[in-house]
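To keep things clear, I will list the structure first and then write my remarks on it.
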Amino acid sequence: EYALLRGVPLTYFHENDLYKDFQSTKYWTTIVGKSEFYKTQYQAHINHSIRKEINGMFKADQEIRRKYYHWSRWLFRPFLGRRWRALNAQQVNRLMEITTKYGFPGEKLIGIDLPNYHEKIDENQLSAGMPIVILLHHYSHPNVSHDSLLLNEVLSGNLYNEHFASICDFEAHFGKGRHACLGYYGLRQKPKDMNLSSMRDKRTEIGLLTEKEFKALNRGTILTKFWNYLK
């Protein structure tokens, strides 16, 4: 029921063999009967205008990415790379404008990504991953940090802590020390001289799981890690 209120389609449970026994219960019948109500509640609490804008931004990002990596465009890569970085910069500036005015465009603001939004989205992601992919592409090169603003969004519940840690790791790893930032959280990238005690303190501040806890979580089959799918 909570998942339906968070935007997870009922079909996710219909089509998953893990829920076959559950689907034979009276409780399941009750949930199916209330599913449209849950969907309406979810739709009422997200900003559809910003969701549409984010979908457009992601589509533009993925389109230029496709061209950049296609073998037939090899000779045009330098030109396409400059266009991609310029697009990223423009999009990140817009993301920060949205964040300042409405809060970060995470699940609370735009809901979760759904398969009908883009061909690269599947039904297992259950995440507001589109803005994060744009930010990861942006921080695959040295760029000015927005960590302070984004950290406040984590603490306010608008930005998922794993998403924030991924962004910071990309900044630290590919930033080449050109811009001040909060540094590694050791989730997606790790420094060679990682101070484990300091890293634990940073992860605790944003409620990030320990490496041991992540390994246990990743052995599960229900939750899907968004970054394993989006490029």
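Under the 3.5 Å distance criterion, with hydrogens and angles disregarded, no donor-acceptor pair is assigned to the side chains of Arg51 and Asn47. Side-chain polar atoms of Arg65 and Tyr69 form no donor-acceptor pair below 3.5 angstrom. Defined by atom type and a distance below 3.5 Å, a donor-acceptor pair is missing between the side-chain atoms of Tyr184 and Gln189.
Of all the heavy atoms in Ile64 and Asp61, the pair that sits closest is CG2-O, 3.3 Å. Annotation for Pro131 and Pro105: closest pair CG-O, 3.4 Å, computed over non-hydrogen atoms. Nearest approach of Ser145 to Tyr139, heavy atoms of both residues: CA-OH, 3.6 Å.
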Subject >> Verdict with reasoning, His146 to Val92, per side chain to side chain contact (heavy atoms under 4.5 Å, CB included) >> reply: CA-CA 10 Å; His146 296 282; Val92 169; 4.0 Å; yes

Original post:
Going through the distances and angles, do Leu136 and Arg188 end up as a side chain to side chain contact (heavy atoms under 4.5 Å, CB included)?
Top reply: CA-CA 11 Å; Leu136 294 186; Arg188 300 295 293 136; 5.7 Å; no

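With hydrogens and angles disregarded, a donor-acceptor distance shorter than 3.5 Å links the side chain of Asn161 to the backbone of Gly207. Remark: side-chain polar atoms of Asp113 are paired, donor with acceptor, to backbone N or O of Met130 under 3.5 angstrom. The backbone N or O of Leu209 lies less than 3.5 Å from a partner atom in the side chain of Arg203, making a donor-acceptor pair. Asp147 contributes no side-chain N or O that, together with a main-chain N or O of Cys181, makes up a donor-acceptor pair within less than 3.5 Å. Side-chain atoms of Thr25 never come within 3.5 Å of backbone atoms of Asp21 as a donor-acceptor pair (strictly under, hydrogens ignored). No side-chain donor-acceptor contact under 3.5 Å links Asn158 to the backbone of Glu153. No side-chain donor-acceptor contact under 3.5 Å links Gln43 to the backbone of Thr40.
Cation-pi geometry between Arg77 and Tyr68 is satisfied (NZ or CZ under 6.0 Å from the ring centre, within 45° of the ring normal).
Checked options Phe58, Trp84, Phe170; the residue passing with His137 is Trp84 (criterion: ring pair (Phe, Tyr, Trp, His ring centres under 6.0 Å)).
Salt-bridge annotation for Lys202 and Glu205: absent, with no side-chain N of the basic residue lying under 4.0 Å from a carboxylate O of the acidic one.
Hydrophobic cluster membership differs between Val144 and Leu149, with clusters built from Ile, Leu, Val, Met, Phe, Trp and Tyr side chains linked at under 4.5 angstrom.
Between Tyr12 and Tyr19, the ring-plane angle classifies as tilted under the 30° and 60° cut-offs.
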